[in-house]
Amino acid sequence: MANRLAALAACLGLVLSASPALATQARIDSMGGSSRYITVEDETNIFFFPSLLVRYGNLALVDNLNGNSLVIPGLNTRFGFHYMMGEETVLAIYGGRVNATGRPGTDFRSRFLASENPFIGGSSLGVGFTASQAGGAGGGTTEGMAAQVPTAASDAIGNTDLKMGLIFATKFGPTTRFGAMLNIMGDDADVEQPSNTNQTDQGALLIDAAVGLGLDLVGSELELTLGFQYGTVDDYRDAVVAATGQFNDLVQHWSGEHMGVRLGGRWVIEMTERQRLVPYATLNYGTQDVRHNNLPIGVQQNGSWNAVDFQVGADLRMELFDDVFVVPGLGIRYAQHTLEGAGNVDDDVDRLVSFPFYGMGIDVKVWEWMDFRFGANQFVNFLRHSSTTSPQPGISITNEDRASEVLTTVHTGLGFHFPIAESVLSLDINVNPTFWLNGPDFITGNATNPFGLNAAVKYDW
């Protein structure tokens, strides 16, 4: 009995002595996401600033697991492997299913996307939609055969396979870090001879590359990045006309060229031993030719789409006590995307100004093996939409509407860390906040939403 108690005490001591493992997207999501993807020290930083990879050596992980990702592809679930090639050189290989068009949501990554990194945000690789829809869809229609004009939100192409994801980083001397990232994404869907449905031919290719430079200065550090995208997308489809049984050409949407550029930087300034001020700025720009075939006579076949997204802000990263972090922040955002001369649209403009967006994130070590996290964001948004159409040659009609909104989100999460020899196995869960209100249904009798919104499993050694 005494031996068993001694063994139990030894195991408990090992657990309590475990150091926290590096964290994941699920951790940052539970702290509120938004600017904290850039400002909180975490391995998700590497997708914005590749030079930071030198800080995150040997590990293997599966990140952003969620209920939908197991049955619906394209929701950013990924896996990765980091390998230290030397004391100051790291290579990372990533795979998974990511969405090349953006994702719905209210945080700073997910609206009016231009050319953001597809791992963490999106790229707006889509055609065939008005500006208010172009950022999140791929084009095409299986409806509206009589008019043969684009319809809303049908069959996006954007769920692409990640063919290759590589990140490399190394140090040059004591103060300089360099990183490079390459992602190749693509997908194809081809139905040649269906029995009673439409023929389709969809395809997308996106090449995303970035370089990063990091400088470790006295009392501060500076991160800079430059990214570039090139891609193509097409959506061709026919359908069977019920009356004749023959195929009829539907609208074909495609883009021969999608290009994007992004710039980003952050400056970590040491205020005191436990406080860091982290100002940051990001600029994303994307442009795409938009082409339609088989539109009615007189309707313009070709056009262009472009988007710009600029954000600037600062977070204060405070470690109040050992392993107790509080991160408040404030920022502004200007974003716009425009579709010109495609289909029956002469000029379609959507504009979003978040003035301001602000929030906080908390990460508290409850025990050596468990963290509790929560965060909240508020976005004060001003939106403007303007659309100019030409129903007949020589006649233009412009419609404009404006709106304001305040979007508030609340997030919670748990992190578990278990030592294994000289390594750590960790589990991060972004917990649905309503779970704390409703509780387990078998106890409270209340309908319970999913406990975890997304999660990650990771092994560090």
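Residue indices begin at 1 and follow the sequence shown.
In this structure, the ring-ring contact (aromatic ring centres under 6.0 Å, His included) partners of Tyr459, at least two apart in sequence or on a different chain, are Trp461. Asn183 pairs by the side chain to side chain donor-acceptor pair (under 3.5 Å) definition with Asp208, not counting sequence neighbours. By the ring-ring contact (aromatic ring centres under 6.0 Å, His included) test, Tyr94 pairs with Phe47, His82, Phe119, sequence neighbours left out. The side-chain contact (heavy atoms from CB on, under 4.5 Å) test applied to Met259 returns Phe228, Tyr230, Glu257, Thr287, not counting sequence neighbours. Residues satisfying the side-chain contact (heavy atoms from CB on, under 4.5 Å) test with Leu224, not counting sequence neighbours, are Leu222.
Side-chain contact between Leu52 and Pro50 is absent, with no heavy atoms from C-beta onward closer than 4.5 Å. Side-chain atoms of Tyr56 and Ile46, non-hydrogen and from C-beta on, do get closer than 4.5 Å to each other. Using a 4.5 Å heavy-atom cutoff, the side chains of Asn381 and Val353 are not in contact. Inter-residue side-chain proximity for Phe379 and Ser34 is flagged as met; some heavy-atom pair is nearer than 4.5 Å. Considering only heavy atoms from C-beta on, Gln229 comes within 4.5 Å of Leu206 through its side chain. Looking at heavy atoms from C-beta onward, Met31 lies out of side-chain contact with Thr412 at the 4.5 angstrom threshold. Proximity of Leu215 to Thr175: side-chain heavy atoms (C-beta onward) are nowhere separated by under 4.5 Å. At least one side-chain heavy atom of Thr24 sits under 4.5 Å from a side-chain heavy atom of Lys458.
Pairing each heavy atom of Ala209 with each of Arg262, the nearest pair is O-NH2, 4.2 Å. When all heavy atoms are compared, the tightest approach of Asn58 to Met84 is OD1-N, 2.8 Å.
Formation of a donor-acceptor pair under 3.5 Å by the Arg317 side chain with backbone atoms of Thr39 is found in this model. In this structure, the side chain of Asn45 engages the main chain of Val40 through a donor-acceptor pair within 3.5 Å. Looking only at distances, a side-chain donor or acceptor of Asn377 sits under 3.5 Å from a matching main-chain atom of Gly32. Within the 3.5 Å criterion, the main-chain N or O of Gln275 finds a donor-acceptor partner in the side chain of Thr272. No donor-acceptor pair closer than 3.5 Å links the side chain of Arg274 to the backbone N or O of Met271.
Note that CZ of Phe178 and CZ of Phe168 are 8.0 Å apart. Values are rounded to the nearest 0.5 Å. Taken from CZ in Phe416 to CH2 in Trp369, the straight-line distance is 6.0 Å, to the nearest 0.5 Å. Of the inter-residue distances, the one linking Arg276 atom CZ with Met318 atom CE reads 12.5 Å to the nearest 0.5 angstrom. Rounded to the nearest 0.5 Å, atoms CG (Asn284) and CG (Leu263) are 8.5 Å apart. Atom CG of Leu53 and atom CG of Leu91 lie 8.0 Å apart (nearest 0.5 Å).
The aromatic ring centres of Phe435 and Phe451 sit less than 6.0 Å apart.
With respect to Asp315 and Arg266, no salt bridge is recorded, no charged nitrogen being found less than 4.0 Å from a carboxylate O. Taking a cutoff of 4.0 Å between a charged side-chain nitrogen and a carboxylate oxygen, Asp428 and Arg27 do not qualify as a salt bridge. Between Asp371 and Lys365 there is no salt bridge, since none of the side-chain N atoms of the basic residue sits less than 4.0 Å from a carboxylate O of the acidic one. In this structure, Arg55 pairs ionically with Glu41, as a charged nitrogen and a carboxylate oxygen lie closer than 4.0 Å.
More than 12 heavy atoms of other residues, nucleotides or ligands shown are found within 6.0 angstrom of CZ on Phe81.
Legend: salt bridge (charged side-chain N to carboxylate O under 4.0 Å, His left out) pairs involving residues 175-184, not counting sequence neighbours, sorted by first then second residue: Arg177-Asp216, Arg177-Glu223.
A donor atom on one side chain and an acceptor atom on the other are not found under 3.5 Å apart for Gln25 and Thr44. Under 3.5 Å, the side chains of Asp460 and Ser423 contain no donor-acceptor pair of N or O atoms.
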Verdict with supporting geometry, Leu407 and Val380, side chain to side chain contact (heavy atoms under 4.5 Å, CB included): CA-CA 7 Å; Leu407 298 177; Val380 182; over 6 Å; no

Step-by-step side chain to side chain contact (heavy atoms under 4.5 Å, CB included) determination, Thr408 to Val406: CA-CA 7 Å; Thr408 304; Val406 176; 4.1 Å; yes

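Ring geometry for Phe374 against Phe372 counts as tilted: the plane angle lies between 30° and 60°, on a 0 to 90° scale.
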